[in-house]
Q: 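Once you've had a glance at the structure underneath, I'll fire off some questions.
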Amino acid sequence: MAHWLAKTEPEECSIDDFANHPNKPVVWEGVRNYQARNFMRQMREGDKVFIYHSSCKLIGIAGIARVSRTAYPDPAQFNQKSPYFDAKSPRDNPRWDAVEMLFVEKFPRLLSLDEVKAIPGLEALPLVKQGNRLSVMPVSDAEWKAILKVAVSR
DNA sequence: GCCAACGTTGGC
DNA sequence: GCCAACGTTGGC
């Protein structure tokens with residue numbers, strides 16, 4: 001079972017949106033970056049995903065979700081009213097994918113980016129590198145364990 | 001709101 | 001295929 005980290009903007013999709021409706025899948029759409037999309041396509045049902053809040057006041061990892069539906073064409077790319085509309089995406093060969101995820105847990109406290117950066121063994125994780133813009137990234141088993149250990153023991 | 005880092009676009 | 005211009009991301 002692979003592990004991932006997904007960036008979300010909490011104003012749009014926060015850990016509470018998962019937690020408030022634990023049985024309702026959250027459609028994770030709007031990823032418009034090829035490298036991130038390719039990682040999305042590797043996600044399998046049941047894979048666990050760190051939910052990371054970015055571009056907001058409290059930046060960091062807020063909790064965990066799991067993949068409930070693997071990649072399928074992101075409907076938003078064809079919706080002219082959506083901010084994620086992409087006029088150049090061919091109908092017969094859609095560029096962008098969405099996945100669906102379900103709530104797993106919310107951390108007792110958000111694990112801030114500073115706290116994440118202080119965890120040893122994450123040097124290879126794109127998240128902690130300067131200028132990183134990747135919105136979906138794989139997390140190795142060792143990285144996952146190291147982060148989780150700190151997240152639940154505070 | 002600023003701005004450095006980055007990905008994408010498009011002319012050549 | 002190069003690379004400058006441009007738009008976006010995301011921490012601060």
Q: Would you mind telling me which residue lines up with the more 5' stretch of DNA chain B, Arg95(A) or Gln130(A), judged by nearest nucleotide?
A: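 Nearer the 5' end of the strand: Gln130(A).
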Q: Would you say that more than 12 heavy atoms from the other residues, nucleotides or ligands in this model lie under 6.0 Å from the NZ of Lys129(A), or not?
A: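 Yes - once you tally the heavy atoms of other residues, nucleotides and ligands closer than 6.0 Å, there are more than 12.
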Q: Salt bridge check: are Arg32(A) and Asp86(A) linked by an N-O gap of less than 4.0 Å?
A: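 Answer for the salt bridge query: no.
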Q: Along nucleotides 4-12 of chain C, 5' to 3', which nucleotides get a B, which get an S, and which get a -, given that the test is a protein heavy-atom distance under 4.0 Å?
A: ---BBSBSS
Q: Before you tell me yes or no, could you show the steps for Asp16(A) and Lys106(A) under salt bridge (charged side-chain N to carboxylate O under 4.0 Å, His left out), namely the whole-Å CA-CA distance, both residues' side-chain angles and the distance that decides it to 0.1 Å?
A: CA-CA 8 Å; Asp16(A) 289 324; Lys106(A) 178 180 175 177; 2.8 Å; yes
Q: Please work out which of the three classes, parallel, tilted or perpendicular, describes the rings of Tyr34(A) and Trp96(A), given edges at 30° and 60°.
A: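 If you compare the ring of Trp96(A) with that of Tyr34(A), the planes turn out tilted.
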Q: Describe, in one word, how the ring planes of Trp144(A) and Phe50(A) are oriented to each other, choosing from parallel (under 30°), tilted (30 to 60°) and perpendicular (over 60°).
A: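 The arrangement is parallel - the two ring planes meet at less than 30°.
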